[in-house]
Q: 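Handing you a structure now.
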Amino acid sequence: MKANLVFILILVFIFFGYQDADAQRRRGKSKKPKSAKVVQTPPNVSYTVSMSKPWTHLLEVEMVMNWPQMPKKAEVKMPVWTPGSYLIREYARHVQDFVALDANGNALDWRKTSKNTWQIDTNGAKAIRIGYYVYSNDLTVRTNELNYEHAFFTPAALLMYPKGQLKAPSTIRVRPYRNWKVATGLPPVAGQANTFKAENYDVLYDSPFEVSDFKELKFTVRGKPHRYVVTGDGNYDLQQIADDTAKMIEECYKLFGELPYDDYTFILNTRGGGGLEHLNSTALQWNRFGFEPESRYTAFLSLVAHEFFHLWNVKRIRPDALGPFDYENENYTKLLWVAEGTTSYYEGVLMRRAGLVNANYILDAKASIAGRLYRQPGRFQTSLEEASFDAWIKSYRPDENSVNRQISYYSKGELVNFLLDILIRTNSAGAKSLDDVMRLLNDEFYKKGKNFTPADFQDAAEKMAGTSLDGFFKKYVSGKEEIDYNQILNQIGLQFVSLLPESDKGYLGGNLSESNGRLRLTSVPANTPAYENGLNADDEILAIDGFRASRRFLTFYLGSKKSGDKVKLSVFRHDKLMELDVTLGKTPASGYKIVPVENPTEEQKRLYRQYLDEDLG
Ligand SMILES: [Zn+2]
């Protein structure tokens with residue numbers, strides 16, 4: 001194959017260059033007496049990532065492994081997932097044109113021994129060079145993309161590791177296309193252009209790369225350098241973004257008392273969506289015209305706050321199973337409701353403290369989550385701990401039944417952390433808060449090199465509350481009881497109310513989507529009239545009582561009916577016309593809000609002000 005031949009020639013050329021340098025090093029050291037003892041050393045691994053033809057979407061990887069203890073059959077492996085995104089993604093499926101050479105440029109035999117393992121006959125070689133391409137045409141924060149505009153890559157989705165050697169250090173050299181620049185959170189190797197080092201694979205795989213003609217804006221917070229690296233057009237004001245980000249970083253500094261990194265890089269692509277947390281960087285993706293209006297910009301800042309807070313919560317304050325990582329299997333934990341839920345909760349907290357949103361922003365967001373949770377029968381089926389544990393098979397694979405079986409450890413986690421913070425504040429008469437829990441976990445676990453367990457988290461929360469919170473955790477964390485909001489909110493002068501109480505208006509239930517004039521059921525929550533009367537997800541609703549159904553008309557028509565009335569629905573199911581008789585139910589309460597209680601006490605006012613820095617009411 002042509003690609004293979006060219007690739008081998010490139011490898012041979014670079015390999016001999018490398019060998020010369022290596023030989024010089026060896027000659028320089030030759031005067032030292034040889035030790036009789038064979039020291040077990042990790043392999044010396046260096047990667048070169050090239051992108052000579054961006055339009056092919058093929059990132060070219062060269063991996064040189066020098067190893068005195070090189071096995072006769074060396075195995076290299078591609079991770080199957082990347083930390084922070086709890087799904088087996090099978091990165092090996094994008095690998096092609098694998099080759100392996102010895103020091104003389106001779107091709108070595110190899111074979112695949114599993115979906116992500118390449119086994120090489122090393123024939124006594126102590127240095128081998130491996131080459132392969134990775135097809136990279138998927139812009140998400142946990143995959144790779146190479147095209148005319150840039151290369152974004154996630155090392156876990158690109159770089160193989162030697163089996164059993166995840167503690168080995170490595171270097172990675174990037175050969176950019178044309179005038180492109182290279183940005184990553186990894187420290188540079190002095191004197192070598194575009195070359196970076198990682199002390200182990202957890203660090204290497206933690207550090208995404210952006211290679212493009214990016215815009216860069218540097219700023220300093222508490223003496224530490226930070227920068228935004230942005231690829232893509234958009235209606236953003238980078239200086240404004242940096243200024244607002246700096247305010248949130250300052251709030252994190254106040255919370256933890258330090259910024260535990262040498263420098264921090266925000267990689268922003270103005271396509272795609274989402275973010276992924278890292279130790280001293282983050283990958284952010286946001287729609288290029290999604291920085292206006294203000295509500296969209298606030299949502300972007302919320303993402304920034306989330307990923308930045310993660311540098312403590314999950315990257316350093318680590319749940320039991322989340323680091324050091326197993327890159328070949330699922331890493332199970334019951335604590336994603338803390339890793340993600342607590343982090344989601346702190347988005348609003350940091351933005352409020354930074355003066356970027358008001359108190360109502362936080363309260364409205366929580367009421368909205370609570371309202372959505374009421375429409376999910378799955379809240380009685382799956383606890384936060386169960387949702388965390390099963391993230392690998394459920395969270396990233398939602399389907400039409402999710403509404404009936406699952407909850408999100410993000411959103412319910414955010415809600416439960418909100419309530420937990422208030423519980424700690426009110427039980428400690430304002431002396432402690434969830435901040436103190438995070439600080440304790442940082443000091444007693446991260447700083448002491450330990451991961452924390454569910455029991456450790458509960459202990460920390462109880463220590464700060466000064467009382468047992470077992471009931472709270474049993475009901476809302478390991479259990480799946482309906483949340484009693486007012487029992488907790490009232491103590492800080494708030495109440496959870498519905499502006500639209502349950503009514504006798506006709507109600508169908510069922511979640512709808514409408515596109516190109518087609519009205520379709522996307523899911524059918526249990527115990528709704530739609531569910532009980534036999535409607536299915538994917539049914540296309542054509543008419544109600546013989547009248548053409550649009551979403552708007554359906555809402556109007558149902559509003560004119562009463563609970564107990566019967567309607568006839570005409571639907572296409574599997575492209576077959578069907579008629580269904582449906583008895584309508586009562587319209588459930590909606591329009592949830594969190595508002596001040598009437599006549600709050602001085603203590604309620606004090607606690608509220610301390611919490612949200614605004615007067616109650
Ligand atoms: Zn997150």
Side-chain angles (χ1 to χ4, degrees), residues 81-87 89 140-143 154 156 185 202 205-208 245 248-249 251-252 255-256 260-261 264-269 272-286 298-323 325 330-351 362 365-366 369 384-385 387-392 394-398 406-418 420-421 434 437-438 441-442 446 451-452 457:
W81 72 292
T82 196
S85 187
Y86 308 99
L87 178 69
R89 292 187 185 275
T140 75
V141 292
R142 57 293 224 240
T143 49
T154 302
D202 279 346
Y205 288 155
D206 177 66
S207 306
T245 301
M248 296 193 286
I249 296 171
E251 292 306 319
C252 287
L255 202 170
F256 289 105
Y261 46 77
Y264 192 96
T265 300
F266 296 87
I267 294 172
L268 171 60
N269 275 280
L276 196 64
E277 66 274 13
H278 301 288
L279 286 162
N280 71 329
S281 67
T282 179
L284 305 168
Q285 294 175 4
W286 200 254
T298 302
F300 170 72
L301 290 180
S302 197
L303 175 69
V304 174
H306 182 102
E307 304 309 338
F308 191 78
F309 191 76
H310 261 318
L311 80 86
W312 285 276
N313 193 31
V314 94
K315 295 312 302 185
R316 288 178 174 79
I317 300 171
R318 299 193 308 204
D320 37 25
L322 297 185
F325 297 104
E330 292 84 350
N331 292 222
Y332 293 106
T333 178
K334 292 178 178 174
L335 284 164
L336 292 183
W337 76 275
V338 175
E340 294 301 344
T342 309
T343 302
S344 295
Y345 170 60
Y346 268 94
E347 294 170 30
V349 170
L350 293 178
M351 288 196 294
I362 292 181
K366 305 308 174 271
I369 294 171
L384 280 173
E385 289 194 342
S388 299
F389 193 85
D390 275 343
W392 298 89
K394 293 181 178 172
S395 178
Y396 288 85
R397 290 174 176 158
Q406 295 175 48
I407 48 105
S408 160
Y409 51 78
Y410 280 87
S411 56
K412 187 181 174 186
E414 177 179 338
L415 198 54
V416 167
N417 275 280
F418 163 68
L420 180 61
D421 194 7
L434 197 57
V437 175
M438 299 317 292
L441 294 174
N442 194 52
Y446 162 57
N451 295 22
F452 71 97
F457 185 83

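Side chains are part of it too, since the values below use all heavy atoms of this structure and drop only hydrogens, waters and symmetry mates. Atoms within each ligand, like the ligands themselves, are counted from 1 in listed order.
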Q: What is the number of protein N/O/S atoms located under 2.8 Å from the Zn ion (ligand 1)?
A: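 Total protein N/O/S atoms under 2.8 Å from the Zn ion (ligand 1): 3.
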Q: Would you say the side chains of N313 and Y346 form a donor-acceptor pair under 3.5 Å?
A: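 Y346 and N313 do not have a side-chain donor-acceptor pair below 3.5 Å.
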Q: Crowded around K334 NZ? As in, over 12 foreign heavy atoms under 6.0 Å?
A: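 No.
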Q: Spell out, as yes or no, whether a donor-acceptor pair under 3.5 Å connects the side chain of N451 to the backbone of P319.
A: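 Side chain of N451 to backbone of P319, a donor-acceptor pair under 3.5 Å: yes, one is there.
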Q: Using the test salt bridge (charged side-chain N to carboxylate O under 4.0 Å, His left out), find all partners of D390 that sit at least two apart in sequence or belong to another chain.
A: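 Scan of D390 (salt bridge (charged side-chain N to carboxylate O under 4.0 Å, His left out), adjacent residues dropped) gives K394.
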Q: Is the NZ or CZ atom of R316 both under 6.0 Å from the centre of the six-membered ring of Y261 and within 45° of that ring's axis?
A: no
Q: May I ask you to check whether W81 and F325 place their ring centres under 6.0 Å from each other?
A: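 Yes, they do, as the ring centres are separated by less than 6.0 Å.
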